[in-house]
2 protein chains.
Amino acid sequence: MNEGELGAWMAYLKATHLLERRIEEQLKTDSGLTHPHYEILAKLSIAPERRLRMSDLARELVVSKSGLTYQIGQLEKRGLVERMDCPSDERGVLAVLTDEGMRCLEKTAPGHVAVVRAFLIDQLTPEELQTMTRVMSKAATAMSQNGSGPAPT
Amino acid sequence: MNEGELGAWMAYLKATHLLERRIEEQLKTDSGLTHPHYEILAKLSIAPERRLRMSDLARELVVSKSGLTYQIGQLEKRGLVERMDCPSDERGVLAVLTDEGMRCLEKTAPGHVAVVRAFLIDQLTPEELQTMTRVMSKAATAMSQNGSGPAPT
DNA sequence: GGGTGGTGGTTCAAATTCGAACAACCATGA
DNA sequence: TCATGGTTGTTCGAATTTGAACCACCACCC
């Protein structure tokens, strides 16, 4: 790794860790939610009928199956999410966002968005924002495929 | 959040989670280290005399004091890091990278770097890499200051 | 000299995470 | 039909993380 690459990577690590911490702090103090909680509610809120299979949700959030089972359990206790049987697959479980969950999300979103804007988005020019989207999308695509190496030429 | 901003944020979340997972997987299978372990060794390796105060190390890694205490304990068990008294401050503790720790890092680095390159750096044009560095640095700077809002004009 | 607020590091309990193991169910082909 | 491999979701144990509480020590001022 040359100088520029190392600098990029170190900046990436520091920024991502700091941002995660800021987000966690804001959500906890303002809404009593954790970041994983919020991500689950947000994903469900934009899904058709506000529901997703556990597996699909886990894949989208990039979290382990068992981790999701635990978190959905927590959210169910609070009445923000409900478990339903999947009609098309007897094994399946649907995580469904409840009305209360939706209200909670709507109440929480502004403060959360404010943090993301303040520390990341508003720091960027429109071109930089566009580049970051492209960069992150490319990286995500590369990692979504299986395999551990770079794509062959 | 408008369309472009939301897209940027969602791409960011997915990419960072996926990358963390890939890194963790590679380190675990190839060297039996975790990402936190690696970050500690790497930070110490570039510090003067390969040593840092616990507090400084925790700040640099953006990790809690208690979390660092635990991880240094683990690394000490393996002989990769050593605790030493701080000469200038009776309270202080220095985490020192041992020779074995340095060897372990040197042996582990290539595989780790390969993952970071394959999934992030090599996906980017030189301009994109430069922009990402600038973006992440700006964000990190904004978050390193205290305060929860955007900087006033 | 002796308080006094603040810092540095550890300990502790609680919460969260993961992977492996498991049981139930789907889907395919003989 | 029914064996068989793959998928789904949960349970379990182990490892990790955090913040709060705590004690020892530094710096500063009376």
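Below, chains carry the letters A, B, ... as their sequence lines are ordered, and counting in each starts from 1. Source: prediction; values computed, not measured.
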Base, sugar-phosphate, or nothing for A/E24, non-hydrogen atoms under 4.0 angstrom?
-> nothing
Residue-level proximity of residues 35-45 of chain B to DNA chain D when a heavy atom falls under 4.0 Å | B/P36
To the nearest 0.5 Å, what is the distance between CG (A/L18) and OG (B/S144)?
-> 5.0 Å
Which residue pairs satisfy the ring-ring contact (aromatic ring centres under 6.0 Å, His included) criterion with at least one member in residues 42-63 of chain A, sequence neighbours excluded?
-> none
Show your reasoning for whether salt bridge (Lys or Arg N to Asp or Glu O under 4.0 Å) applies to B/K138 and A/E128.
-> CA-CA 11 Å; B/K138 281 199 280 192; A/E128 287 172 339; 2.8 Å; yes
DNA chain C: first to last nucleotide in contact with chain B (atom under 4.0 angstrom from a heavy atom), 5' to 3', is C/dG6 to C/dG19
5′-ward residue of the pair A/S88/A/Q74 relative to DNA chain C = A/Q74
If we only count heavy atoms from C-beta on, is the B/K28 to B/L33 side-chain gap below 4.5 Å?
-> no
Applying ring-ring contact (aromatic ring centres under 6.0 Å, His included) to A/H17 and not counting sequence neighbours gives none
List the protein contact pattern of nucleotides 3-12 of chain D with one symbol per nucleotide (5' to 3'): B for base contact, S for sugar-phosphate-only contact, - for none; contact means a heavy-atom distance under 4.0 Å.
-> ---BBSBBB-
Hits for salt bridge (Lys or Arg N to Asp or Glu O under 4.0 Å) against A/E24, two or more places apart or cross-chain, chain-then-number order -> none
Taking CG from B/L61 and C1' from D/dT18, how many angstroms apart are they, rounded to a whole number?
-> 16 Å
Are B/R50 and B/D99 close enough for a salt bridge, meaning some N to O gap below 4.0 Å?
-> yes
Start with the C-alpha distance between B/E5 and A/R117, add both sets of side-chain angles, then the distance that settles salt bridge (Lys or Arg N to Asp or Glu O under 4.0 Å), and finish with yes or no.
-> CA-CA 9 Å; B/E5 292 168 351; A/R117 294 191 63 105; 2.6 Å; yes
For A/Q130, look at atom CD and say whether over 12 heavy atoms of other residues, nucleotides or ligands are found less than 6.0 Å away.
-> no
If you draw a 6.0 Å radius around CG in B/N2, do more than 12 non-hydrogen atoms from other residues or ligands fall strictly inside?
-> yes
Phosphate contact (D/dT17 OP1 or OP2) by B/Q71 side-chain N/O below 4.0 Å | yes
